[in-house]
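Here's the structure, in structure tokens; my notes come after.
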Amino acid sequence: MKQQSKGLAVITGASSGIGAVYADRLARRGYDLLLVARTRGPMDELAKKLEAGTGHKVEILAADLADSRDLAGVERILREDPRITLLVNNAGMASTAPLLNSDVTEMSRIIALNVNALTRLTYAVVPGFVKRGSGTIINIGSVVGIAPELLNGVYGGSKAFVLAFSQSLRKELASTGVTAQVVLPGATATDLWKKAGTPVEHLPKEIVMSTEDMVDAALAGLDQGEFVTIPALPDAGQWQTYEAARQAMMPNLSRTEPAARYGLVRAAA
């Protein structure tokens with residue numbers, strides 16, 4: 001028997017990989033779905049499967065979020081549809097090519113999708129969540145957001161933005177009833193790798209997590225109240241130490257005088 005709906009979950013990049021698994025898991029958790037991706041065919045198949053298996057309504061929208069007109073259409077839905085209770089910002093592009101060997105036009109497309117689209121969709125949905133005093137935003141980042149040396153620099157930079165944006169968002173949304181989570185997966189077995197220039201089969205097997213395990217861990221982190229979820233990290237204390245060091249620096253990042261180690265002598269007044 002169909003359980004009562006928890007509202008409408010909007011998932012971008014939902015035609016395959018991480019987005020498709022989020023669709024499955026959220027439908028089974030009681031959400032109706034709006035799936036957004038460039039390719040309609042796979043979403044049609046997924047929608048039929050999920051509606052038959054869960055009884056929840058699954059809508060689809062074919063949209064290229066790197067295209068300003070398509071993006072504006074999705075923004076309008078996020079602003080105006082009061083059924084929306086959860087947004088998964090999953091759509092993204094990657095590159096494994098060295099930065100100086102990359103096509104700068106392709107790098108601009110990565111920025112448009114990973115940074116601009118995520119930002120605009122979040123801005124579209126947040127006011128309604130705040131007004132209603134509830135809602136959840138899940139931003140899919142990457143471990144390259146804290147380890148940009150691992151892959152292409154624009155891709156790493158775009159995911160560092162996702163982390164920083166989410167950190168600021170969490171602070172602003174404190175006490176509003178709105179939940180924000182940022183997920184930092186490592187290598188995950190999706191076709192993103194092939195599109196990025198390095199098929200996942202070329203990676204060491206010991207570093208690649210299945211898509212199902214990644215999403216299940218991310219949702220477990222959400223259930224446990226985690227803000228930053230790194231599905232592969234065995235010791236959560238390592239992130240806490242990292243974050244504590246960042247917080248400890250903050251009072252000293254902006255001061256009236258240069259640090260003494262630079263040996264500068266101030267001119268007499």
Ignoring hydrogens, what is the shortest heavy-atom contact between [X] and [Y]? Give both atom names and the distance.
{"X": "L46", "Y": "A14", "answer": "CD2-O, 3.6 Å"}
{"X": "V178", "Y": "V130", "answer": "CG2-N, 3.9 Å"}
{"X": "A91", "Y": "L65", "answer": "CB-CD1, 3.9 Å"}
{"X": "H56", "Y": "A27", "answer": "CD2-O, 3.4 Å"}
{"X": "A218", "Y": "Y22", "answer": "CB-OH, 3.3 Å"}
{"X": "N152", "Y": "A97", "answer": "ND2-O, 2.9 Å"}

Problem set entry | Single hit among L118, V183, L184 for side-chain contact (heavy atoms from CB on, under 4.5 Å) with I140 |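 Exactly one option meets the side-chain contact (heavy atoms from CB on, under 4.5 Å) with I140, and it is V183.
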Under 4.5 Å between any side-chain heavy atoms of [X] and [Y], yes or no?
{"X": "E59", "Y": "M43", "value": "no"}
{"X": "F165", "Y": "V115", "value": "no"}
{"X": "D32", "Y": "V58", "value": "no"}

Exercise. Can you list the steps and then say if D24 with R29 is a salt bridge (charged side-chain N to carboxylate O under 4.0 Å, His left out)?
Worked result: CA-CA 9 Å; D24 176 84; R29 283 176 171 232; over 6 Å; no
Problem set entry | Trace of the side chain to side chain contact (heavy atoms under 4.5 Å, CB included) decision for L78 with L121 | CA-CA 7 Å; L78 290 171; L121 296 183; 3.6 Å; yes
Do [X] and [Y] sit in the same hydrophobic cluster, where Ile, Leu, Val, Met, Phe, Trp and Tyr count as joined when their side-chain heavy atoms come under 4.5 Å apart?
{"X": "V154", "Y": "L150", "answer": "no"}
{"X": "W239", "Y": "V162", "answer": "yes"}
{"X": "M93", "Y": "F161", "answer": "yes"}
{"X": "V36", "Y": "V88", "answer": "no"}
{"X": "L233", "Y": "I18", "answer": "no"}

Between atom [atom1] of [X] and atom [atom2] of [Y], what is the distance when rounded to the nearest 0.5 Å?
{"X": "E75", "Y": "S68", "atom1": "CD", "atom2": "OG", "value": "9.5 Å"}
{"X": "L113", "Y": "I111", "atom1": "CG", "atom2": "CD1", "value": "11.5 Å"}
{"X": "F129", "Y": "T179", "atom1": "CZ", "atom2": "OG1", "value": "10.0 Å"}
{"X": "N101", "Y": "S95", "atom1": "CG", "atom2": "OG", "value": "10.0 Å"}
{"X": "L163", "Y": "S168", "atom1": "CG", "atom2": "OG", "value": "11.5 Å"}

For this session: Determine, stepwise, if the pair L61 / L34 fulfils side chain to side chain contact (heavy atoms under 4.5 Å, CB included).
Result: CA-CA 7 Å; L61 175 63; L34 172 59; 4.2 Å; yes
Exercise. Is it the case that N89 and T12 place a side-chain donor and acceptor less than 3.5 Å from each other?
Worked result: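 N89 vs T12: no donor-acceptor pair found between side chains.
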For this session: Using only heavy-atom distances, determine whether the side chains of T229 and Q181 contain a donor-acceptor pair under 3.5 Å.
Result: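 Yes, side-chain donor-acceptor contact under 3.5 Å.
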So does [Y] get a backbone contact from the side chain of [X], meaning a donor-acceptor N/O pair under 3.5 Å?
{"X": "S5", "Y": "G7", "answer": "yes"}
{"X": "S102", "Y": "P98", "answer": "yes"}
{"X": "S210", "Y": "D213", "answer": "yes"}
{"X": "T188", "Y": "T190", "answer": "no"}
{"X": "T211", "Y": "A189", "answer": "yes"}

Problem set entry | Salt bridge R109-E106, side-chain N to carboxylate O under 4.0 Å |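 A salt bridge is absent here (no side-chain N lies under 4.0 Å from a carboxylate O).
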Exercise. So does R25 pair up with D216, basic N to acidic O under 4.0 Å?
Worked result: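 Salt bridge present between R25 and D216.
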Problem set entry | Full working for side chain to side chain contact (heavy atoms under 4.5 Å, CB included) between L219 and L26 | CA-CA 9 Å; L219 287 171; L26 291 174; 4.3 Å; yes
Exercise. Going through the distances and angles, do R120 and L71 end up as a side chain to side chain contact (heavy atoms under 4.5 Å, CB included)?
Worked result: CA-CA 8 Å; R120 295 190 68 93; L71 178 60; 3.6 Å; yes
